[in-house]
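Notes follow once the structure below has been shown.
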Amino acid sequence: MRLAVVGAGSIGLAIAWRAANLGARVTVHDPAPGSGASRVAAGILAAATEAQFGEEALLPFMAESVDAWPGFAAELEAASGVPVAHRDTATLMVGLGEGDRAEIDRLAALYRTTGRTVDTLAPRRARELEPLLTHRVRGGVLVPGDHAVEPRAVHAALLAAAERAGVEFRAAHVEDPAALDADQVVLAAGCGSAAFGLPVRPVRGAVLRLRASAVQPRPAGTVRGHVHGHAIYIVPRDDGEIVVGATVDERGFDRTTGTAGAAHDLLRWSIDLVPEIAEYHLDEITVGFRPTAPDNLPLIGRVDDRTIAATGHYRHGIALTPATADRVAALALGDADAIPAAFDPLRFEEGS
Ligand SMILES: Cc1cc2nc3c(=O)[nH]c(=O)nc-3n(C[C@H](O)[C@H](O)[C@H](O)COP(=O)(O)OP(=O)(O)OC[C@H]3O[C@@H](n4cnc5c(N)ncnc54)[C@H](O)[C@@H]3O)c2cc1C
């Protein structure tokens, strides 16, 4: 079976790697592998604390994929020789104002519908767990069972693993997938998938990458904060990097305007929550575009007998990489029931 994959972000590469391991002859087409959202992402892998009201259909798939991550990371590291900085880290979610605390209580009710443990924390307990939190914190929740990875390392590892599995690469922009010489075609071009008629739009996001010196104290694990109505996260890595994110706005593919305001907001809110952040070195601000469907759910499944969509992963593309790769590789190789119906890429078409 000859499989063509359009797009070499994390989604396309993971599908290519999985399908090659299942015996397909795979070619990946991308003029600039890794130029999309996959190397911008923070790397939070959260089954509960990423849940949003109205997106409940995603939750079982998120749980499946997040729970698959530890095994996927180990397999990927072994296949590529590239460490991906996978970390088991409970998520500590805290609020600064009374309204923030109420919002966390509202969200906690949704998180509990996933069946995962969600422990309510008094302010003192939250600060015992994370001593770098401001003393003004009003409490929150602790959600064990989440993970984090370094998405740039994951992308490098997927490239190496796919190459070692025999995947071929063509540095070319695909204009017409129907013209590709293959039995099956997977469209995994992130926001670029809109050019193939898929209903994705770019939802812009900026993240900051900061660095703590070896002697500076750092948060122990992922901290999510609600700071006077604004949601932020802080993701520390073992090598001293700290990612602070993320803005969410709709400005098409504009990479330039508003980045000063984004940096200002992210620094202000994160320093309000963890004052030590003001002491770190600011390495970079990066802007990326989340491929997003009208209902914020992924677009995964058959478009026609020869073409499969694998995009629209919005804020969750790194978390959803393992489950998407396994299920899309299975679909391409003949398992017609591999994908949940809620993700049907044709669901927005008239009469569907
Ligand atoms: C600020 C920010 C923070 C995020 N944080 C997280 C997080 O913590 N956890 C998480 O799970 N997710 C996170 N995400 C979401 C995640 O990054 C995306 O959902 C995911 O990277 C999408 O991967 P992809 O492979 O579909 O697309 P992309 O990574 O965008 O890759 C698409 C690729 O397709 C190629 N391409 C486009 N058009 C064509 C064409 N016509 N022909 C050939 N190639 C083409 C591009 O060159 C690109 O390489 C974040 C996103 C942003 C922006």
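For ligands, and for the atoms within them, numbers begin at 1 and follow the listed sequence. Remember, predicted model here, so these are calculated numbers, not experimental data.
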Identity and separation of the nearest protein heavy atom to atom 12 (N) of ligand 1: R315 O, 2.9 Å
With respect to R290, determine whether any N or O atom, backbone or side chain, lies less than 3.5 Å from an N or O atom of ligand 1. no
List every atom of ligand 1 that sits less than 4.0 Å from any heavy atom of A319, numbering the atoms from 1 in the order shown and giving each element. 10 (C), 11 (O)
Is any N or O atom of P33, backbone or side chain, closer than 3.5 Å to an N or O atom of ligand 1? no
Treat each ILVMFWY residue as a node, draw an edge where side-chain heavy atoms are under 4.5 Å apart, and state whether V149 and V82 are in one component. no
Between the side chains of D295 and R347, is the shortest nitrogen-to-carboxylate-oxygen separation below 4.0 Å, so that they form an ion pair? yes
To the nearest 0.5 Å, how far apart are CG in L121 and CE in M93? 11.5 Å
Considering only the protein, which heavy-atom contact is closest to atom 29 (O) of ligand 1, and what is its distance? S38 OG, 2.6 Å
Are I104 and Y111 connected in the hydrophobic side-chain network, where two residues link if heavy atoms are under 4.5 Å apart? yes
Within a distance under 4.0 Å of any heavy atom of Y233, pick out the atoms of ligand 1 and give their elements. 3 (C), 5 (N)
Test of proximity, I11 against ligand 1: N or O pairs below 3.5 Å: yes
Should Y280 and V243 be counted in the same cluster of Ile, Leu, Val, Met, Phe, Trp and Tyr side chains packed under 4.5 Å apart? no
Cut-off 3.5 Å, side chains only: do R251 and T257 have a donor facing an acceptor? yes
Subset of ligand 1 atoms that lie under 4.0 Å from at least one heavy atom of G43: 7 (C), 8 (O)
For atom 28 (P) of ligand 1, closest protein heavy-atom neighbour: A37 N, 3.5 Å
heavy-atom search around atom 27 (O) of ligand 1 in the protein gives G190 CA, 3.6 Å
Numbering as shown, the atoms of ligand 1 that approach V207 to under 4.0 Å (heavy-atom distance): 1 (C)
Does a side-chain N-to-carboxylate-O contact under 4.0 Å join R101 and E98? no
Can you tell me which residue and heavy atom of the protein come closest to atom 49 (O) of ligand 1, and the distance to 0.1 Å? D30 OD2, 2.6 Å
Is there a nitrogen or oxygen of A310 sitting under 3.5 Å from a nitrogen or oxygen of ligand 1? no
For atom 20 (C) of ligand 1, which protein heavy atom lies nearest, and how many Å away is it? G317 CA, 3.8 Å
Please answer: with hydrophobic residues joined when any side-chain heavy atoms are less than 4.5 Å apart, are V200 and I300 in the same cluster? no
Non-hydrogen atoms of T311 versus ligand 1: any pair closer than 4.0 Å? no
Taking a hydrophobic cluster as the set of Ile, Leu, Val, Met, Phe, Trp and Tyr residues connected by side-chain heavy atoms closer than 4.5 Å, whether directly or through intermediates, do L198 and I308 fall within one such cluster? no
Would you mind running through ligand 1 and noting each atom that sits below 4.0 Å from a heavy atom of A32? 47 (O), 49 (O)
Does ligand 1 have any atom that is closer than 4.0 Å to a heavy atom of C191? no
Relative to each other, are the rings of W17 and F72 parallel, tilted or perpendicular (30° and 60° limits)? perpendicular
Could you tell me the residue and atom name of the protein heavy atom closest to atom 43 (C) of ligand 1, and the distance to it rounded to 0.1 Å? H29 O, 3.4 Å
Within ligand 1, which atoms have a heavy atom of G205 less than 4.0 Å away? 1 (C)
Please report whether the ring centroid of H147 lies less than 6.0 Å from that of W69. no
Would you say R124 has more than 12 foreign heavy atoms packed within less than 6.0 Å of its CZ? no
For the pair R327 and E64, find out whether any cationic side-chain nitrogen is under 4.0 Å from an anionic carboxylate oxygen. yes
Atoms of ligand 1 less than 4.0 Å from S10 heavy atoms? 25 (O)
Do me a favour and list the nearest non-hydrogen protein atom to atom 36 (N) of ligand 1 with residue, atom name and distance? A189 CB, 3.8 Å
Atoms in ligand 1 flagged as close to F196, the criterion being non-hydrogen separation under 4.0 Å: 41 (N)
Less than 4.0 Å is my threshold; does some heavy atom of G34 fall inside it relative to ligand 1? yes
What I want to find out is whether E50 reaches R315 closely enough, with some N-O distance under 4.0 Å, to be called a salt bridge. yes
Under 3.5 Å between some N or O of ligand 1 and some N or O of V174? yes
